[in-house]
Amino acid sequence: MTLRRVAILGSTGSIGVNTLDVIRVHPERFKVLALTAGKQIDRLAEQCVEFKPVIAVVADADGASRLSKILQEKKLSTQVLYGPEALITAVTQSDCDTVMAAIVGAAGLVPALAAAKAGKRVLLANKEALVMSGNLFMQAMQLGGGELLPIDSEHNAIFQCLPQQFTKAPYDYLGVEELWLTASGGPFRNTPISELSSITPDQACAHPNWVMGRKISVDSATMMNKGLEVIEAFWLFGLPLEKIKVLIHPQSVVHSMVRYRDGSVIAQMGQPDMRTPIAYGLAWPERINAGVEPLNLAQLAALSFSEPDLIRFPCLALAFGAAKIGGTAPAVLNAANEIAVAAFLDAGLPYLRIPEVVEKTLNQIASVPASSLELILAVDSQARQVASNIIRKINR
Ligand code: NAD
Ligand code: MG
């Protein structure tokens, strides 16, 4: 058993908290060296008191001084830093060997890339990083020489369904024909389309099977999440896009599947509980107790599968389109979606306008090769501006 020294980017979020839940049960296996959060200072303070990291990072100076004060009162020697640069410091200067990349959205890209370059074991939850810069990210992993373990449940499932000793072999040799990403279809799978116009943020965030952060919950309702995951799978597993399929599976028991040339389909099943993929990534190639209820198949009435409806879920079609175009189109898709979802959650943008904002933004920004991080970040901020302007016009 190796002791793993862990940094968690986004420790106060849904994935971060689940990661600490797994770590808490295995103090002999894991030591927490860095914790980072955006604005949830009190929750981060509690985590610091419990796990005593060397470094803690928050978004801004105000938060840092509040956190420092609390930690001083508790006589902790944790160094408190703030800002985007400090996220890189948490990865590169904390002496960690494992990084959970669980910041939501584009904000997580730069520190995740830093972990890749530094040769860490990267546990990747932050799918937006791969969507924006898949090529650069995979190159950085290769140059750094670390291990990339997908945490997104579908990708973690596929990783488990591939022969481990051959993960780097050509797929032709392995006989992999297709990857099947399963999707629950979210809370509005059967809602009459006429009722979708009045959907509220709380309705959109009430996922039938998974408890997640608000942004990914809305993405699951629109199925943009599955679109981002198709792009994520494309980069992680290196298969042509047309070999990556989406299947609606409302029960969320089969987390994804691999179809092989000889007729075999291998599936990974389990409870819809992120602690399973998190524990798998943390301890890989060992398996540890994740605190997850055993799956009782006899108690489930049925498992069902169907094709997704691209009319009901236009975001899925937009993501397929951007994936096909390639270059910076997926980064534009992602940025426009982040802005549209934030406007839906906080500024009254109607639910059905989310795909419209994404589509119009994609139409206004031509794709170019995603050749450098600087270029990708510039396109990201351009797309944010264009999307914000589109929303302003809608609200007028
Ligand atoms: P969340 O909103 O619950 O948590 C996000 C975390 O990131 C928080 O710790 C927050 O403080 C931090 N953060 C947000 N903005 C930041 C910024 N600008 N700078 C620094 N830190 C910032 O989100 P989540 O549901 O935990 O999702 C995290 C990532 O994991 C997302 O990319 C999501 O797509 C992916 N993911 C989540 C789940 C899930 O079950 N929650 C499943 C699969 C993949
Ligand atoms: Mg997923």
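Note that ligands are numbered from 1 as they come in the structure, with each ligand's atoms numbered from 1 the same way. A quick note: this is a predicted structure, and the numbers were derived from the prediction, not measured.
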With Val99 as partner, the option from Val91, Ile8, Leu33 fulfilling side-chain contact (heavy atoms from CB on, under 4.5 Å) is Val91
Gap between atom NZ of Lys226 and atom CG of Leu181 - 0.5 Å precision = 6.5 Å
Which of parallel (below 30°), tilted (30 to 60°) and perpendicular (above 60°) describes His255 and Trp210?
-> tilted
Can you check whether Leu113 reaches Ile88 side chain to side chain, under 4.5 Å on heavy atoms?
-> no
Could you please compute the angle at the Mg ion (ligand 2) from OD1 of Asp152 to OE2 of Glu229, rounded to 10°?
-> 90°
Out of curiosity, Asn156 CG to Leu149 CG, how far, rounded to the nearest 0.5 Å?
-> 8.0 Å
Restricting Glu154 to its N/O/S atoms, the closest one to the Mg ion (ligand 2) is OE1
Close residues, ligand 1: non-hydrogen atom nearer than 4.0 Å = Gly10, Ser11, Thr12, Gly13, Ser14, Ile15, Ala37, Gly38, Gln40, Ala102, Ile103, Val104, Ala107, Ala125, Asn126, Lys127, Glu128, Asp152, Met212, Gly213, Ile216, Met274
Going by the side-chain contact (heavy atoms from CB on, under 4.5 Å) test, name the single residue among Asn18, Val292, Val22 that passes it with Thr276.
-> Val292
Plane angle bin for Phe159 and Tyr280 - parallel if under 30°, tilted between 30 and 60°, otherwise perpendicular = perpendicular
